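See below for the structure under consideration.
Just so we're clear, the structure is a prediction, and the values are computed from it rather than from any experiment.
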Amino acid sequence: MTADRGKLPAHDPSDPGAAPGVDCDEAIERRIIVATQSGLPLVPQPWDEVAREVGLSVDELLCRVRGMLERGVIRRIGAVPNHYAIGYTANGMSVWDVVDECVDAVGEFIGALDAVTHCYRRPRRLPDWPYNLFAMVHGRSHDEVRQQIGDIAGRIATNFPGACRSREVLFSSAILKKTGLRIGGAAESVQKRE
Amino acid sequence: MSRATAKGQAPLLDETDRALINMLQGDFPLVRNPFADVAVRLGIDEGQVIDRLQRLLDQRVLTRFGPMFQIERIGGAFCLAAIRVPEADFDRVTAEVNAFAEVAHNYRRDHALNMWFVLATETPQGIAATARRIEAAIGLPVFLFPKEREYFVEMKLEA
């Protein structure tokens, strides 16, 4: 689906704002990403500032951003909370060793449960890591998260007997970094803030 | 940049802060004066919305405010990765790993594999190349856990 737009234009990492050559759509989108990846300016007309930075009219910028949202290049626009700071002090990555024949069915099943915020199938790394299904569970205490994961395990056992061989939960104990995506060279990794 | 930990004192949030955080995890109006729209919905003025957002970012209640990109849609890649870091070496390895711009998030977790991070690169090949550069920098193996299938994603936490 994305194979035909699989190539980003080559760029000079020392000059993250500059797209080379003609302004093809991808080069413009890349400039929009570089201009906004560390955050939107906190001013009454943030898109006007971004438009100046990428060299578009604000109308054209808004049109392109709308297109990027529709195509999923932008997942959403908004705030990313530090989950510790808003009271979700327990962040449990539950990991499950599910027999291969059942992993997609179990993934769909637990992904639809309210307690689960992300759910992915990933490769095992044997012998170090037997788990092939990852489901993130957030809660206000480790006990609450453990209880939710126990509940999920019970539902899996009922609906898919014998499918899950083992599981673990990995709690986070510190956020070491949470800057998000940074393309275009290290100069852009500094948060734009007065 | 300060480090947020589970042990840190959470800043006090008032009802308006919580309403603002909850609202801004949904759709942000794509208009020229978006903060004015948000202000009307919250019943405060535009300047207060901007001031509160700045404070919430400064207090690191919010880690970011802006568009969230799915780099895969323009040919890039994300990948979860993990390292088994000896305790005595944890701070050094954290500094080395975090110094890579490709490391978007990094969490300490209670497990033998105790460092879990997300790589974001402009090409799919960039993931393995970055993992090799990290391995060379820290002298430890990096396990890659690429997403093979996504069943559900909704990251919205009520404040």
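- Between the side chain of Arg64(B) and the backbone N or O of Ala79(A), no donor-acceptor pair lies under 3.5 Å.
- With a threshold of 4.5 angstrom between heavy atoms, Leu144(B) approaches chain A through its backbone and through its side chain.
- The most heavy-atom pairs under 4.5 Å with chain B, out of Gly78(A), Gly92(A), Gly107(A), come from Gly78(A).
- A salt bridge does not link Arg121(A) to Glu150(B): none of the charged nitrogens lies less than 4.0 Å from a carboxylate oxygen.
- With a 4.5 Å cut-off on side-chain heavy atoms, Val103(B) and Lys177(A) count as touching.
- Chain B forms the most heavy-atom pairs under 4.5 Å with one residue out of Ile33(A), Leu62(A), Val58(A), Leu181(A), and that residue is Ile33(A).
- Met136(A) touches chain B through its side chain: at least one heavy atom from C-beta onward sits under 4.5 Å away, while N, CA, C and O do not.
- Rounding to the nearest 0.5 Å gives a distance of 6.0 Å between CH2 of Trp116(B) and CG of Leu170(A).
- Each of Phe134(A), Tyr131(A), Tyr120(A) was evaluated against Phe145(B); a single residue qualifies, Phe134(A), per the ring pair (Phe, Tyr, Trp, His ring centres under 6.0 Å) test.
- The contact between Met115(B) and chain A is made entirely by side chain atoms (from C-beta outward), counting heavy-atom distances below 4.5 Å.
- Contact of the Glu46(B) side chain with the Pro44(A) side chain is registered, since non-hydrogen atoms from C-beta on lie closer than 4.5 Å.
- Checking Tyr107(B) against Asn91(A) by side-chain atom types alone, no donor-acceptor pair falls below 3.5 Å.
- Within the 4.5 Å cutoff, no side-chain heavy atoms of Arg73(B) are placed close to those of Met68(A).
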- List the steps, then state whether side chain to side chain contact (heavy atoms under 4.5 Å, CB included) holds for Phe171(A) with Arg108(B). CA-CA 8 Å; Phe171(A) 285 104; Arg108(B) 180 173 179 132; over 6 Å; no
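- Side-chain contact between Thr63(B) and Thr179(A) is absent, with no heavy atoms from C-beta onward closer than 4.5 Å.
- Side chains of Pro67(B) and Leu40(A) form a contact here, defined as non-hydrogen atoms less than 4.5 Å apart.
- With rounding to the nearest 0.5 angstrom, the CG atom of Leu42(A) is 10.0 Å from the CG atom of Leu56(B).
- Note: Arg182(A) CZ to Thr121(B) OG1 = 15.0 Å, rounded to the nearest 0.5 Å.
- Of the possible polar contacts, none joining the Asp110(B) side chain to the Ser173(A) backbone as a donor-acceptor pair under 3.5 Å is found.
- Here Arg149(B) pairs with Glu108(A) in a salt bridge; the nearest charged N to carboxylate O distance falls below 4.0 Å.
- Looking at heavy atoms from C-beta onward, Val43(A) lies out of side-chain contact with Ile50(B) at the 4.5 angstrom threshold.
- The only member of Val116(A), Ile110(A), Leu133(A) that meets side chain to side chain contact (heavy atoms under 4.5 Å, CB included) when paired with Tyr151(B) is Leu133(A).
- Using a 4.5 Å heavy-atom cutoff, the side chains of Glu148(B) and Arg122(A) are not in contact.
- No more than 12 heavy-atom neighbours from other residues, nucleotides or ligands sit within 6.0 angstrom of CZ on Arg155(A).
- Ranking Arg84(B), Met68(B), Lys147(B) against chain A, the residue ahead of the rest is Met68(B), based on heavy-atom pairs under 4.5 Å.
- Looking at Val31(B), the atoms closer than 4.5 Å to chain A (heavy atoms on both sides) all sit in the backbone: N, CA, C or O.
- Annotation for Arg66(A) and Leu30(B): closest pair NH2-O, 3.3 Å, computed over non-hydrogen atoms.
- The greatest number of non-hydrogen atom pairs below 4.5 Å with chain A, out of Met23(B), His111(B), Arg109(B), is found for Arg109(B).
- Heavy atoms from other residues, nucleotides or ligands lying under 6.0 Å from CG of Asp114(A) number 12 at most.
- In this structure, the portion of Leu69(A) lying under 4.5 Å from any heavy atom of chain B is its side chain and not its backbone.
- In this structure, CG in Leu80(B) is found 6.0 Å from CE in Met93(A), a value given to the nearest 0.5 Å.
- The candidate from Val169(A), Leu61(A), Val103(A), Ile77(A) with the greatest count of non-hydrogen atom pairs under 4.5 Å with chain B is Ile77(A).
- Taking 4.0 Å as the cut-off between side-chain N and carboxylate O, Asp59(A) and Arg32(B) do not count as a salt-bridged pair.
- Cluster annotation: Ile44(B) is connected to Leu57(B) through the hydrophobic network of ILVMFWY side chains, with a link wherever side-chain heavy atoms come within less than 4.5 Å.
- For chain A, no part of Phe117(B) is nearby; none of its heavy atoms comes within less than 4.5 Å.
- With hydrophobic clusters built from ILVMFWY side chains whose heavy atoms lie under 4.5 angstrom apart, Val80(A) does not share a cluster with Leu62(B).
- In this structure, the side chains of Gln45(A) and Asn33(B) come closer than 4.5 Å at one or more pairs of heavy atoms.
- Both the backbone and the side chain of Phe69(B) come within less than 4.5 Å of a heavy atom in chain A.
- A donor-acceptor contact shorter than 3.5 Å is absent between the side chain of Gln70(B) and the backbone of Val73(A).
- The backbone N or O of Ala104(B) lies less than 3.5 Å from no partner atom in the side chain of Lys178(A), so there is not a single donor-acceptor pair.
- Residue contact with chain A, scored on non-hydrogen atoms closer than 4.5 Å, involves the backbone and the side chain of Leu113(B) alike.
- Shown here is Gln147(A), whose CD atom has no more than 12 heavy atoms of other residues, nucleotides or ligands within 6.0 Å.
- The heavy-atom pair separating Pro41(A) from Phe35(B) by the smallest distance is O-CE1, 4.1 Å.
- In plain terms, the two heavy atoms of Ile74(B) and Glu29(A) that are nearest each other are CG2-OE1, 3.7 Å.
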